[in-house]
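Here the structure is a predicted model, which is why all the values come from computation and not from measurement. Residue numbers start from 1 in every chain, and the chains themselves are labelled A, B, ... in the order their sequence lines are given, proteins ahead of strands.
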Amino acid sequence: MFAIIDCNQFYVSCERVFNPKLENKPVLILSNNDGCVIASSPEAKQLGVKMGAPVFKIRELISKYHMEVYSSNYALYGDMSKRVMDTLRSFSPDIEVYSIDEAFLNVSGLDRQYGSWERLGHQLRTKVRQWTGVPTRVGIAPTKTLTKIGIHLAKKNGESVCVLKDENSIKKALKSIPVEDIWGIGRQYAAFLYQSGIKNAYHFSQAEENWVKQHMSVVGLRLHHELRGLSCLPLETISEHANKKMIGSSRSFIKPICHLVELKEALATYCTRVGEKLRKQQSCANYVTVYIRTNRFKDVDHQYANAQTIQLPVATDNTPELIHYAFQALDIIYREGYRYKKAGVLVGGLVPAYTCQQNLFDNENRQKHIKSMQAMDIINAKMGRFVVRSAAMGYRNSGETIRGKVSNKYTSDWEEIIEVGA
DNA sequence: TCTGGGGTCCTAGGACCC
DNA sequence: TCTGGGGTCCTAGGACCC
């Protein structure tokens, strides 16, 4: 048996833990640059705020109902997430941290320990709430996909725990879930399924296996099995997927960028972040991809988007080297005369740093580079991000982002710790 | 005026090997 | 007239997730 624990409007809940005035009020959390809504309280949803809504389109709504609006505070959310996960670990060490706000747990046998699956579900919620302040929903079922169905059902019925264990309860649940709400069915597949007369999860579970495989590959087939109670998606515990297979950094610009130099400065900044992430997980990259694009929402602008991948001669985690090749890639795809809105850097082909294959004709002094990167990471960790930086990043600050109102780093910075007083 | 950022997995097809 | 069979590796592109 699996359980999924899903935090309710996680970012909003994190803010509410440290600012109880926000309880029962419409609260919005915004994306980078305060561009769009990425989390909202039920009160805000009820007033018509949709997930992903651009802020400028709902300004009236915000002021009319005096909504509380916050920029995202990932230092806080990340730390709160860790607390939630630690709490869950006290129930079972068999945990898959699936995202910042949800986790799967292997709960086999725990029904006896807690009396019933329902009681286990409520215990999970209660403890997380008590230890972290974050409200959650719990789904318990024989497969991961069915636990997700359970969460949907709970949301729909305004409940907090949903157990799907016998054929009847599963069948009933599947009938009430439209195909597009199945975990793993996105827009494309949903449209295709509707065309084929399959409207809800139950219809899908009754479809012919070969037909599913033919049109939706093994991914679809696994979902099909999972909905029928046959577990195909194992718990992926931390150790198995601790290391990322691809690492990236990208930003949308506040104002469009029209000059190559400015794009280069932005890319140098992204390469710096990517380099830091690489060294943190002790990986080296074999290729680097750069992409740039204009504002796709602006019809009047001429549109251009392109990407270029460069194979590196030797796998590296060295920031200046990443920057060097990123610039090469940019030179290939850059076109003058466009207003660029977004750029990004991706690295892939990651290998463990200690197994990096050397190149016979490589004349870089790699040991020296490794030491200089180590020194840079240590200084920046102590003195602040980007205190030591590549000149290529420039000092133009075109990489700056807008953050209107952001709460304190209550849990990760002594300067910003919450004060309790008169 | 103003629309986020960061990931995973699978498949088909090309290039290559014996 | 007739030209095999079995395999690996890599990449681009498509689908999906939070």
Base-pairing string, 5' to 3', of DNA chain C - Watson-Crick or wobble, under 3.5 Å, | interstrand: ....||||||||||||||

Which letter, B, S or -, goes with each nucleotide of nucleotides 11-18 of chain C from 5' to 3', with contact meaning a protein heavy atom under 4.0 Å? S---SSSS

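- The salt bridge (Lys or Arg N to Asp or Glu O under 4.0 Å) test applied to A/Glu118 returns A/Lys165, not counting sequence neighbours.
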Would you list the atom pairs, donor with acceptor, under 3.5 Å between side chains in residues 177-186 of chain A and any protein atom, with sequence neighbours excluded?
| unit_1 | atom_1 | unit_2 | atom_2 | d |
| --- | --- | --- | --- | --- |
| A/Glu180 | OE1 | A/Tyr194 | OH | 2.9 |
| A/Trp183 | NE1 | A/Tyr98 | OH | 3.2 |

What side-chain donor-acceptor pairs closer than 3.5 Å can you find for residues 284-293 of chain A, not counting sequence neighbours?
| unit_1 | atom_1 | unit_2 | atom_2 | d |
| --- | --- | --- | --- | --- |
| A/Asn286 | ND2 | A/Gly349 | O | 3.0 |
| A/Thr289 | OG1 | A/Thr309 | OG1 | 2.9 |
| A/Tyr291 | OH | A/Ser250 | OG | 3.3 |

Determine, step by step, whether A/Gln303 and A/Thr294 satisfy the side-chain hydrogen bond (donor to acceptor under 3.5 Å, both in side chains) criterion, reporting the C-alpha distance in whole Å, the side-chain angles of both residues, the deciding distance to 0.1 Å, and the verdict. CA-CA 6 Å; A/Gln303 296 291 322; A/Thr294 51; 3.0 Å; yes

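- By the salt bridge (Lys or Arg N to Asp or Glu O under 4.0 Å) test, A/Arg228 pairs with no residue at all, sequence neighbours left out.
- A salt bridge does not link A/Asp79 with A/Lys82: none of the charged nitrogens is closer than 4.0 Å to a carboxylate oxygen.
- The side chain of A/Lys244 contributes no N or O atom lying less than 4.0 Å from OP1 or OP2 of B/dG6.
- Applying the salt bridge (Lys or Arg N to Asp or Glu O under 4.0 Å) test to A/Arg335 and every residue at least two apart in sequence or in another chain returns nothing.
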Check nucleotides 2-5 of chain B for protein N or O atoms closer than 3.5 Å to its own N or O atoms and list the pairs.
| unit_1 | atom_1 | unit_2 | atom_2 | d |
| --- | --- | --- | --- | --- |
| B/dC2 | OP2 | A/Lys298 | NZ | 3.4 |
| B/dT3 | OP1 | A/Lys341 | NZ | 2.3 |
| B/dG4 | O4' | A/Ser31 | OG | 3.0 |
| B/dG5 | OP1 | A/Ser252 | N | 2.9 |
| B/dG5 | OP2 | A/Ser252 | N | 3.1 |
| B/dG5 | OP2 | A/Ser252 | OG | 2.8 |
| B/dG5 | O3' | A/Arg251 | NH1 | 3.3 |

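- One can place CE of A/Met246 at 10 Å from P of B/dC9, the figure rounded to the nearest angstrom.
- In this structure, a donor-acceptor pair under 3.5 Å is absent between the side chains of A/Ser92 and A/Asp94.
- Here B/dG6 presents its P atom at 15 Å from CD of A/Gln281, a figure rounded to the nearest Å.
- Pairs passing the salt bridge (charged side-chain N to carboxylate O under 4.0 Å, His left out) check and including a residue from residues 54-64 of chain A, sequence neighbours excluded, do not occur.
- Residues satisfying the salt bridge (Lys or Arg N to Asp or Glu O under 4.0 Å) criterion with A/Arg125, sequence neighbours excluded, are absent altogether.
- Between the side chain of A/Asp377 and the main chain of A/Glu276, no donor-acceptor pair closer than 3.5 Å is present.
- Side-chain nitrogen and oxygen atoms of A/Lys245 include none within less than 4.0 Å of the OP1 or OP2 phosphate oxygen of B/dG6.
- A/Ser407 pairs by the side chain to side chain contact (heavy atoms under 4.5 Å, CB included) definition with A/Glu15, A/Tyr70, A/Asn73, A/Leu76, A/Tyr410, not counting sequence neighbours.
- Classified by interplanar angle (parallel below 30°, tilted 30° to 60°, perpendicular above 60°), the ring pair A/His224/A/Phe204 is perpendicular.
- Listed by residue number, A/Ser217, A/Val218, A/Val219, A/Arg222 are the residues of residues 198-230 of chain A with a heavy-atom contact under 4.0 Å to DNA chain B.
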